[in-house]
Asker: 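Take a look at the following structure, please.
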Amino acid sequence: MTSKAETLNITDNRTGQQYEVPVADGTIRATDLRQIKTSDDDFGLMTYDPAYMNTASCRSAVTYLDGDNGVLRYRGYPIEQVAEKSSFLEVALLLLDGDLPSKAELEAWEKDVIAAMPVPEHIEALINSFPQDAHPMAMLMAAMAALGADHPEAVDLADDALQRKQIINIIGKIATLGAYMYRHSKGLPFVKPDPSKSYSENFLTMLYQDDKGGYTPDPRLVKALDVLLILHADHEQNCSTSAVRSVGSSQVDVYSSIAAGIAALYGPLHGGANEAVLKMLRRIDGGQTIPEFMEGVKGGKERLMGFGHRVYKNYDPRAKIIKKACEDVFEVTGKNPLLDIASGLEEIALADEYFVKRKLYPNVDFYSGLIYEALGLPAEMFTVMFAIGRAPGWLAQWNEMIHDKEQKISRPRQVYTGADERDYVEASAR
Ligand code: SDX
């Protein structure tokens, strides 16, 4: 989108003053409103936008969303084409560098990322120090921060070559950490990554290889996993990416910024929704009828998890692709009966006034859990899968932020609603 020089004429009816405010890319700069005052000592106008419902926090070239038309593009490439034709590591490089790599560039990148998959022993010990039933997202958050402690040099944000090494390190290790969280939860020994295997093949092998070492994942499952990771790779300024950018704006190291993204993704309204969807489907499968459940949702007692989106007011294009991928996976693993319940819920919701009026459609989390479950993962691991997929997007957005001359430490203002000045009262007099 190119900026068209336009302006807004604003009349302040409090003073009769007129102001001309420039418009660029469909926005006005909030700081341009500070000139609108009622007196010289007036701070000037701010914007008030809780949860940033209508605020652009940055300029970004990484991902484009059109929520009304259900469009998602990574560096201009439609998600449908990328999901069908690319690979997760190629998408990671595309998001980071902005263009599709040459064959040689991709091979070198894949080699570097796979070589970065092994994690140090002290991180294995950290994972083993958690109770077996610790939530994997809590462990992943801790392990990511712990990796940062291994790289004090990562504070040098001006050294691009050094930061590229950290980026490769995080993309490589987050998959191993995810697999190790699963192994720990099952009381199984860790399986080291194999440099001769692809990223997704390594991940499935590290999950399921038995102590005899004989495990080769079905190529259709490897492909389905790669597609799922591609679909989760980036999504412009979602809650966790905004957390990565905001924390990163303090110039802390990238590991700490990514740990903040993991924390935000953990929430059930964000990446935690895929786990919540499975629990919701199981509850319905366990006896609560769909009409009963839907009445509860429409009565505001709970939400239809996996439905609705801040940006998409149409079908999430990723949900469409995932729903199709379910069929490919179920060919190998056998059909998950919960798919029928999910499709039933979708059919009812898409025809029900409550959902239609609020433009609530299935989002990326509605069907993804069915595939993860078919791959043998427990619900607690689903958000870890989301984090592994989103890592390249977080890193591409973080990298864009540290090079953006317009950015500085993220520090919003507030509307103060507290007490006026008052004197301290001694305890004896209260
Ligand atoms: C992700 O931002 C991203 O890009 C995120 C993500 C990514 O890739 O990073 O796409 C990943 O987080 C997908 C969303 C996963 N979360 C869920 O599926 C949880 C269920 N969905 C919601 O909680 C909700 O839809 C959100 C959080 C996703 C969006 O919330 P908004 O934009 O703040 O919308 P809202 O809460 O203001 O809801 C508007 C209305 C409300 O009703 P009214 O007050 O107008 O009567 O819609 C209702 C809400 O009650 N509503 C729902 C609903 N979602 C919204 N009602 C029932 N079920 C739902 N799922």
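Numbering of ligands and ligand atoms starts at 1, following listing order.
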Asker: Check contact between Leu269 and ligand 1, using heavy atoms of the residue and a distance below 4.0 angstrom.
Answerer: yes

Asker: Should Glu153 and Lys165 count as an ion pair when the cut-off is N to O under 4.0 Å?
Answerer: no

Asker: Strictly distance-based, threshold 3.5 Å: is any side-chain N or O of Asn202 a donor or acceptor partner for the main-chain N or O of Asp194?
Answerer: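 Yes, the answer is positive, given that a donor and an acceptor are paired below the 3.5 Å cut-off.
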
Asker: Between Asn363 and Gly308 (side chain of the first, backbone of the second, donor and acceptor by atom type, cut-off under 3.5 Å), is there such a pair?
Answerer: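 Pair found, side chain donor or acceptor close to backbone of Gly308.
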
Asker: Verify the contact flag for atom 34 (O) of ligand 1, where contact means a protein heavy atom under 4.0 Å away.
Answerer: no

Asker: Heavy-atom distance to atom 38 (O) of ligand 1: which of Lys359, His309, Arg358, Arg303 wins?
Answerer: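 The option holding the nearest heavy atom is Arg303.
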
Asker: If you take the nearest heavy atom of each of Leu304, Leu72, Asn238, which one is closest to atom 58 (N) of ligand 1?
Answerer: Leu304

Asker: Would you say Arg318 and ligand 1 have an N/O pair spaced under 3.5 Å apart?
Answerer: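 N/O-N/O distance below 3.5 Å exists for this pair.
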
Asker: Are the aromatic ring centres of Phe190 and His184 under 6.0 angstrom apart?
Answerer: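 Ring-ring flag for Phe190/His184: false, centres at least 6.0 Å apart.
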
Asker: Is the terminal nitrogen or CZ of Arg75 (NZ for Lys, CZ for Arg) located under 6.0 angstrom from the six-membered ring centre of Tyr77 and within 45° of that ring's axis?
Answerer: no

Asker: Between ligand 1 and Asp316, is the shortest N or O to N or O distance under 3.5 Å?
Answerer: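 No.
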
Asker: Return the residue, atom name and 0.1 Å-rounded distance of the protein heavy atom closest to atom 14 (C) of ligand 1.
Answerer: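 Protein heavy atom with the smallest distance to atom 14 (C) of ligand 1: Asn363 ND2, 3.5 Å.
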
Asker: So, do His235 and Tyr312 have ring centers that fall under 6.0 Å from each other?
Answerer: yes

Asker: Using a distance threshold of 4.0 Å (strictly less than), state whether atom 31 (P) of ligand 1 has a protein heavy-atom neighbour.
Answerer: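 It does; a protein heavy atom is within 4.0 Å.
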
Asker: My question is simple, although I want it checked carefully: is atom 16 (N) of ligand 1 less than 4.0 angstrom from any protein heavy atom?
Answerer: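 There is a protein heavy atom less than 4.0 Å from atom 16 (N) of ligand 1.
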
Asker: Specify whether the nearest protein heavy atom to atom 22 (C) of ligand 1 is under 4.0 angstrom away.
Answerer: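 Yes, there is a protein heavy atom closer to it than 4.0 Å.
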
Asker: What closest approach, in Å, do Met206 and Tyr180 show between heavy atoms, and which atom pair accounts for it?
Answerer: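 Closest heavy-atom pair between Met206 and Tyr180: SD-CE1, 4.3 Å.
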
Asker: What protein heavy atom sits nearest atom 20 (C) of ligand 1, and how far away is it?
Answerer: Phe307 O, 3.4 Å

Asker: Which of the numbered atoms in ligand 1 are below 4.0 angstrom from a heavy atom of Ala273?
Answerer: 15 (C), 16 (N), 17 (C), 18 (O)

Asker: Under a 4.0 Å heavy-atom limit, does Val297 contact ligand 1 with its side chain, its backbone, both, or neither?
Answerer: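 Under 4.0 Å from ligand 1, Val297 contributes side-chain atoms alone.
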
Asker: Using 0.5 Å steps for rounding, measure from the OG atom of Ser249 to the CZ atom of Arg411.
Answerer: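 One finds 12.0 Å between OG of Ser249 and CZ of Arg411.
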
Asker: Starting from atom 4 (O) of ligand 1, locate the nearest protein heavy atom and write down its residue, its atom name and how far away it is, to 0.1 Å.
Answerer: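 Of every protein heavy atom, His235 ND1, 2.6 Å lies nearest to atom 4 (O) of ligand 1.
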
Asker: Taking heavy atoms and a distance under 4.0 Å, where does Tyr354 meet ligand 1: side chain, backbone, both or neither?
Answerer: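 Under 4.0 Å from ligand 1, Tyr354 contributes side-chain atoms alone.
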
Asker: Taking heavy atoms and a distance under 4.0 Å, where does Phe386 meet ligand 1: side chain, backbone, both or neither?
Answerer: side chain

Asker: On the 0 to 90° scale, with breaks at 30° and 60°, tag the Tyr372-His232 ring pair as parallel, tilted or perpendicular.
Answerer: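 Tilted, since the angle between the ring planes falls between 30° and 60°.
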
Asker: Side chain, backbone, both or neither: which applies to Leu360 and ligand 1 if a contact is any heavy-atom pair less than 4.0 Å apart?
Answerer: side chain

Asker: Using a strict cut-off of 4.0 Å, indicate which atoms of ligand 1 neighbour a heavy atom of Gly306.
Answerer: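 The list of qualifying atoms is 17 (C), 18 (O).
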
Asker: How long is the gap from CZ on Arg310 to SG on Cys239, to the nearest 0.5 Å?
Answerer: 9.0 Å

Asker: Salt-bridge test for Asp352 and Lys357: reply yes if a basic N is under 4.0 Å from a carboxylate O, no otherwise.
Answerer: no

Asker: Quick one: which ligand 1 atoms are inside 4.0 Å of a heavy atom on Arg310?
Answerer: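 Listed by number with element: 29 (C), 31 (P), 32 (O), 33 (O).
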
Asker: Nearest protein heavy-atom contact for atom 28 (C) of ligand 1: which residue, which atom, what distance?
Answerer: Gly308 O, 3.7 Å

Asker: Please classify the Arg390 to ligand 1 contact at 4.0 Å (heavy-atom distances, strictly less than): side chain, backbone, both or neither.
Answerer: side chain

Asker: Do any nitrogen or oxygen atoms of Met305 come within less than 3.5 Å of a nitrogen or oxygen of ligand 1?
Answerer: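 Looking only at distances, the answer is no, because the N/O contact criterion of under 3.5 Å is not met.
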
Asker: Of the non-hydrogen atoms in Ile170 and Met144, which two are nearest, and what is the gap between them?
Answerer: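 Heavy atoms only, the tightest pair is CG2-CE, 3.9 Å.
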
Asker: Less than 3.5 Å between some nitrogen or oxygen of His270 and one of ligand 1, yes or no?
Answerer: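 His270 vs ligand 1: N/O contact under 3.5 Å present.
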
Asker: Taking it one step at a time, do Phe307 and Tyr361 satisfy ring-ring contact (aromatic ring centres under 6.0 Å, His included)?
Answerer: CA-CA 5 Å; Phe307 254 69; Tyr361 291 86; 7.9 Å; no

Asker: Taking Lys111 first and then Glu107, would you say they form a salt bridge - that is, a charged N and a carboxylate O separated by under 4.0 Å?
Answerer: no

Asker: Considering only non-hydrogen protein atoms, determine which one is nearest to atom 13 (C) of ligand 1 and report residue, atom name and distance to 0.1 Å.
Answerer: Asp365 OD2, 3.4 Å

